[in-house]
Amino acid sequence: MNPNSADFYNRVYKVVAQIPEGKVTNYGAIAKYLGVESGARMVGYALNNYLSGKLEFPIPAHRVVNRLGYLTGRAYFDGDTMRERLQQEKIVFIDEYQVDMKLHFWDPQVELSES
DNA sequence: AATGTGACGGAAC
DNA sequence: CGTTCCGCCACAT
């Protein structure tokens, strides 16, 4: 399982698409679930690529934050869209740009059995 | 070919 | 969870 495989991005999108409303996950958790433990940065790269190109159906890219809950990708959304969407889902913030991972962390490794 | 750059994460302090 | 440092790896230059 290498992060440079042709469908790595698509596999990332597939996981992100399953993050429930009101929940968030982080880059490392997705990479780990995909069997590429060192590919956290590549997950971010994949999401960046998603925002640039167009996918068949929309995915909740705003529900992916870093391990501490910081909205590190907010700059890639229009204005304050990332924060607004999360607050719209009643997600609790413990700081201006940091969500409460204790309350909202969704681990694909645990929540997703097979696929 | 070589070097710099991140939507990252973990360890050490 | 501050700062700093380091391993990581696809990409841009």
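The sequence lines fix the lettering, A, B, ..., with proteins before strands; numbering per chain opens at 1.
- Distance, A:K32 NZ to B:dG10 C1': 13 Å, rounded to whole Å.
- You'll find a donor-acceptor pair under 3.5 Å spanning the side chain of A:Y27 and the base of B:dA7, going by distance alone.
- For the P atom pair drawn from C:dC5 and C:dC1, the interatomic distance equals 22 Å after rounding to whole Å.
- Proximity of A:F77 to A:L71: side-chain heavy atoms (C-beta onward) are nowhere separated by under 4.5 Å.
- A:N48 comes within 4.0 angstrom of a base, heavy atoms only.
- The listed nucleotides are B:dG6, B:dC8, B:dA7; the one nearest the side chain of A:M42 is B:dG6.
- Across the protein-nucleic acid pair, A:Y9 atom OH and C:dA10 atom C1' stand 7 Å apart, rounded to whole Å.
- Within 4.0 Å of A:A61, counting heavy atoms only, lies at least one base atom of the nucleic acid.
- There is no side-chain donor-acceptor pair under 3.5 Å between A:Y50 and A:N10.
- Look at A:N26 and you'll find a side-chain N or O under 4.0 angstrom from OP1 or OP2 of B:dG9.
- For A:R41 against B:dG6, a side-chain-to-base donor-acceptor contact under 3.5 Å is present.
- Between A:Y70 and A:V65, the closest side-chain pair of non-hydrogen atoms is not below 4.5 Å.
- Considering only side-chain N and O atoms, A:S38 lies nowhere under 4.0 angstrom from the phosphate OP1 or OP2 of B:dC8.
- One can place OH of A:Y45 at 17 Å from P of B:dG9, the figure rounded to the nearest angstrom.
- Remark: A:R41 fails to qualify as a cation-pi partner of A:Y27 under the 6.0 Å distance and 45° angle criteria applied to the six-membered ring.
- Residues A:I94 and A:V36 both approach DNA chain C. Their nearest nucleotides, taken by heavy-atom distance, put A:I94 toward the 5′ side.
- A:E37 has its CD atom 11 Å from the P atom of C:dC9, to the nearest Å.
- Candidate nucleotides B:dG9, B:dA7, C:dC1 were compared by shortest atom distance to the side chain of A:Q98, and C:dC1 ranks first.
- The CZ-P distance, from A:R67 to B:dG10, rounds to 5 Å in whole Å.
- With rounding to whole Å, A:L34 atom CG is found 17 Å from B:dC8 atom P.
- Between C:dC8 and C:dA12, the distance separating the two P atoms is 22 Å to the nearest Å.
- Among the atoms of the strands shown, none is found under 4.0 Å from any heavy atom of A:V65.
- Salt bridge A:K23/A:E111: absent, no basic N to carboxylate O contact under 4.0 Å.
- Rounded to an integer number of Å, the gap from OH of A:Y97 to P of C:dC1 is 19 Å.
- Between A:F8 atom CZ and B:dC8 atom P there is a gap of 14 Å when expressed in whole angstrom units.
- In this structure, A:A40 and A:A31 approach most closely via the heavy-atom pair N-CB, 3.6 Å.
- Dashed line: the shortest gap from a side-chain N or O of A:Y70 to OP1 or OP2 of C:dG2 is under 4.0 Å.
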